[in-house]
Structure formats: structure tokens, C-alpha cells
Amino acid sequence: MSLEKTFIDYFVQRGHIPTTGSSLIPRPGDPILFTAAGMHPLTPFLEGEPHPLGRRLVGVQRCLRTTDLDEVGDPTHLTVFEMLGSWSLGDYGSEQSLRWGYEFLHDVLGVDPERMHVTVFGGDDRVEADLESLRTWQDLGLPIELTTEDNWWSNGPTGPCGPDSEIFLWTGDGSPEGTPTTDDRWIEVWNHVMVRFRQQEDGSLEPLPQHNIDTGLGLERLSMLLEGKRSVYETDLFEPWMRLLPELWKLDEESERIVIDHLRSSIVIIGDGVRPSNTGRGYVLRRLIRRVLTLLWRFDQSRTLVDLPVELVEHTLRHFHQDEGVTLVQQVLLDEEVRFTDLLQRGRRILGSDRFRKTLDQHDFEYLHQTHGLPRELVQSLIAQESGGSSAPLSLT
Ligand code: SER
């Protein structure tokens, strides 16, 4: 049985109703670009609006985090990932949530408690220490670290927030050492947030009408730990990618991870109805696709997304339960490749003219952007490439 199904079943047996999970596009009126946390679509219900399915929910939510973009390429960060989540909307409290968390990891998935460490909110000048969670973990006999900032969760400058308690698993060889804040071989897998406040514009905390629990367990990361792999890319979730892509395009390990992550994310974003553009969501998509092309062309200009195996597009759309046609997704990727190729050719031609054979000033950058559609970063990359030889990278544009 898949990990998603095992998780859902476990919480259904404890009175939770499965949500269908929503797309990456937030509901109308929400100012954020993409759903970035499992709780995001539930914001009004955490703030007190009754949820039509009740007070106990469970689900899998796809999320996109551009805040982690620079870290993609390491073993664990992804732009699009899936969050397994359980929620108590004004129902049970942290003790129950943490006990189920422990039981699921230990009894259902067989994780050795010797490999677990937890963190708990230690209190600050606004909110007192989370004693209920502290006592629960003490009772379960797990090692505990108290922190303040690392155990406070908010979804942005305003909105629902509260103290959290995080479960970490040991990934090092040999016996565990140190604590989650002193040894990064402790990897966070499950965050249980006690959503009890709403942060206001002025930074003050307003108590919510109900005490909620919002938990999030990253599917790819958990799979990596359970399968004993050294990166999320080596898990079963990425099987066709790691089988097909390295054969097609030879890249160094970091670039390979970035290309896989960005292509997979681009397919999911297109599958949720976004098209490349110069603003908002479309711009995020455009940047992801162009970064892939930049990496692919770094050593071989003849590479093209025409060669992207159809199996990878199909697999991704199927995994994320998306109805968008495979051909349409391929076409969107190819159109963007053509547009980017044209832009680069135009840029090289224009920058090669006498007028720009000098150090460019602010006025030149504005002119190139406004008249020729060449953004500053692209111009700078082309200049760097020109002076550094053909293998110099084009920066993300
Ligand atoms: N909202 C919390 C997080 O994103 C738990 O779901 O980590």
C-alpha cells in the first residue's frame, strides 16, 4: 500500500474525513501566488468557519515553495512537494495529535524511537511554553529540545499561527548524536502546529475562537528516510525520472536534481492551468523552464525539451491526479523553449552591436528591457557568457 494511503487510512480509522486536496492555485481573493502549506486551503476553517466535512480532516496537499528555490539541488529540497496532513478544527488538542504521530511512525511504519528526537516551543514574552506537548513527549520517553523561533509556525506576516512541535529522525550512520539544532543529520519529518492565534498587521497576536491542530508530514522526505535513501530523488516517487533522465542528458548531480525538480514542478504547474508569462504565477513557471534550459545548454546547445520522454509527463500528471492532456503540456514547454531561444538570439545580436560594446549603464539596461524585452539579468548573463566562453552559465531569468 502506498504511504499516502496508509496515512489516510490511519486517520480515517480515527474519525477523520479525507479532503480531496486542492490545486496549487489558492482560492479567489487569496493574495499568495501558490499554495505553500497543507493548511493553506483551510485558513477560513482554522479561523472558525465550520468546515462542511467536520472537525477532523486528513489529506494530501501539493505545495509549491519558491522560498527554497536556491536550496533545490541538495538532497531534500523540492519546489513542488506533497504534504500529508491531519487537522483538528477546534476538536482534539496537542496531546492526542502527538500520540497519534508517535504511534503512526512507530507502530505503523516501524520507525525505531531511538532514531526520534522532538522539539517543543519553550515560550517567549508573548506566549507561554507548550507544557501539554512537553508532558506528552516526556511520557512517551522521547528526547526533547526546547526552542522559541524554530517552534513557532506562521504562514506569512499575517494569518493563523501558533507554537509547534516537530518530530525529527536521525539520518546519520551509527548512534544518534546532538539535537536537531546542533546536528543537521536530524531531519524534520512531521510538524504539529497548535494553531491558536491570528497574527495581525501590527504584529500582535489575536486568540482564535477555537484551538486547532494542523500537522504536516512531507511525503518525499518521509519516503527518503523510510527507504533509507540519501536523497528524495532516489526514492520510488522519482523512479522514472532517475531511470530516464540521466541517460538522456549527462549533467553533474546538482544540475540533474535541479532539472528533474524544475521539470516535474513545471508539469504540475501547467497541469493546474498556469501558462508562462511575465508576471505572477506564469513568471514562476517561466523561470523554472528557463532555468532548466540554461542548465541543459550549459554544455550542449543542441539539447531540447522535444526529447523529454512522454512517460515522465504522463507519470507526473497521473501522480498528481491532473487531467491536463500530455500533448498540451509538452506544447507549453516547447513554446517556451522557442520563445527563450529567440530571446537569446535577439539579445546576442543586439548586444553585439557597436552601441553596446562598452560598460552598460542604467540607461542602457532600461532601454534594452523596455525596447527589446531583455531583462537586466539576462543581459548580464549574456555579457558574462560572451567574456567567459561558451560554458559560462546563463543566470536564471
Ligand atoms: N503548516 C505546517 C507546515 O507547513 C504543518 O502542516 O509545516
Side-chain angles (χ1 to χ4, degrees), residues 3-4 7-8 10-11 16 18-19 21-22 24 26-27 30 32-47 51 55-69 71 76-94 96-98 100-102 104-105 118-121 127 130 133 147-169 180-181 186-199 205 208 210-225 232:
L3 197 47
E4 294 100 303
F7 179 84
I8 303 269
Y10 177 84
F11 281 96
H16 295 65
T19 63
S22 34
L24 288 173
R27 60 188 190 286
D30 193 322
I32 63 149
L33 281 185
F34 291 104
T35 298
M39 52 72 73
H40 204 99
L42 295 173
T43 305
F45 310 105
L46 294 164
E47 293 184 341
H51 194 286
R55 289 175 170 275
R56 295 185 183 192
L57 305 176
V58 59
V60 184
Q61 174 64 48
R62 53 178 170 271
C63 301
L64 189 153
R65 287 192 184 164
T66 47
T67 43
D68 292 339
L69 202 58
E71 290 174 85
T76 56
H77 284 88
L78 295 165
T79 44
V80 168
F81 62 97
E82 287 180 284
M83 193 83 115
L84 306 173
S86 60
W87 294 277
S88 155
L89 301 172
D91 190 359
Y92 57 83
S94 77
Q96 181 62 88
S97 186
L98 300 177
W100 280 336
Y102 176 83
F104 181 72
L105 291 174
V118 295
T119 60
V120 168
F121 181 68
V127 178
D130 179 7
S133 301
T147 86
T148 46
E149 274 145 49
D150 286 349
N151 284 102
W152 183 263
W153 197 86
S154 65
N155 195 25
T158 59
C161 56
D164 69 36
S165 183
E166 302 176 5
I167 306 174
F168 291 74
L169 298 189
T181 62
W186 286 107
I187 301 245
E188 183 206 329
V189 287
W190 203 342
N191 190 5
H192 294 238
V193 187
M194 283 44 97
V195 189
R196 286 194 228 132
F197 302 96
R198 184 196 292 115
Q199 180 139 327
L205 296 179
L208 288 172
Q210 64 191 35
H211 284 187
N212 310 283
I213 303 287
D214 151 47
T215 87
L217 178 63
L219 175 65
E220 295 83 358
R221 231 179 240 201
L222 181 64
S223 301
M224 174 183 117
L225 295 170
V232 291

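Only a predicted model underlies this, so the values are computations on that prediction, with no experimental measurement involved. Each ligand, and each atom within it, is numbered from 1 in the order the structure gives.
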Asker: Looking at E220 and E82, would you say the former's side chain and the latter's main chain have a donor-acceptor pair under 3.5 Å?
Answerer: yes

Asker: Which atoms from ligand 1 have a heavy atom of M39 less than 4.0 Å away?
Answerer: 1 (N)

Asker: Considering only the protein, which heavy-atom contact is closest to atom 3 (C) of ligand 1, and what is its distance?
Answerer: W153 NE1, 3.4 Å

Asker: From the options N151, N191, D150, D164, select the one residue that forms a side-chain hydrogen bond (donor to acceptor under 3.5 Å, both in side chains) with T119.
Answerer: N151

Asker: Could you list which atoms of ligand 1 come closer than 4.0 Å to a heavy atom of A37?
Answerer: 4 (O)

Asker: Which bit of M83 is near ligand 1, meaning a heavy atom under 4.0 Å away: side chain, backbone, both or neither?
Answerer: side chain

Asker: Show your reasoning for whether side-chain contact (heavy atoms from CB on, under 4.5 Å) applies to T19 and V58.
Answerer: CA-CA 6 Å; T19 63; V58 59; over 6 Å; no

Asker: Is the shortest side-chain heavy-atom distance between P160 and F197 below 4.5 Å?
Answerer: no

Asker: Would you say S133 and S94 are linked by a side-chain donor-acceptor pair, where the criterion is simply a distance under 3.5 Å?
Answerer: yes

Asker: Going by the atom numbers of ligand 1, which of them fall below 4.0 Å from some non-hydrogen atom of G216?
Answerer: 5 (C), 6 (O)

Asker: Heavy-atom distances under 4.0 Å decide this one: backbone, side chain, both or neither, for Q61 against ligand 1?
Answerer: neither

Asker: One residue to check: T215. Relative to ligand 1, which of side chain, backbone, both or neither has a non-hydrogen atom less than 4.0 Å away?
Answerer: backbone

Asker: By number and element, which atoms of ligand 1 are closer than 4.0 Å to a non-hydrogen atom of V193?
Answerer: 2 (C), 5 (C)

Asker: Please list the nearest protein heavy atom to atom 7 (O) of ligand 1 with its residue and the distance rounded to 0.1 Å.
Answerer: N191 ND2, 3.2 Å

Asker: Are W100 and Y92 close enough that their ring centers fall under 6.0 Å?
Answerer: yes

Asker: For ligand 1, which atoms have a heavy atom of R65 less than 4.0 angstrom away?
Answerer: 4 (O)

Asker: Mind checking whether P41 and Q61 have side chains closer than 4.5 Å, heavy atoms only?
Answerer: yes

Asker: Applying the side-chain hydrogen bond (donor to acceptor under 3.5 Å, both in side chains) criterion to H192, which one of S165, S97, S86, S88 satisfies it?
Answerer: S97

Asker: Any heavy atom of H40 sitting closer than 4.0 Å to ligand 1?
Answerer: no

Asker: Give the numbers and elements of all ligand 1 atoms closer than 4.0 Å to a heavy atom of D214.
Answerer: 1 (N), 2 (C), 5 (C), 6 (O)

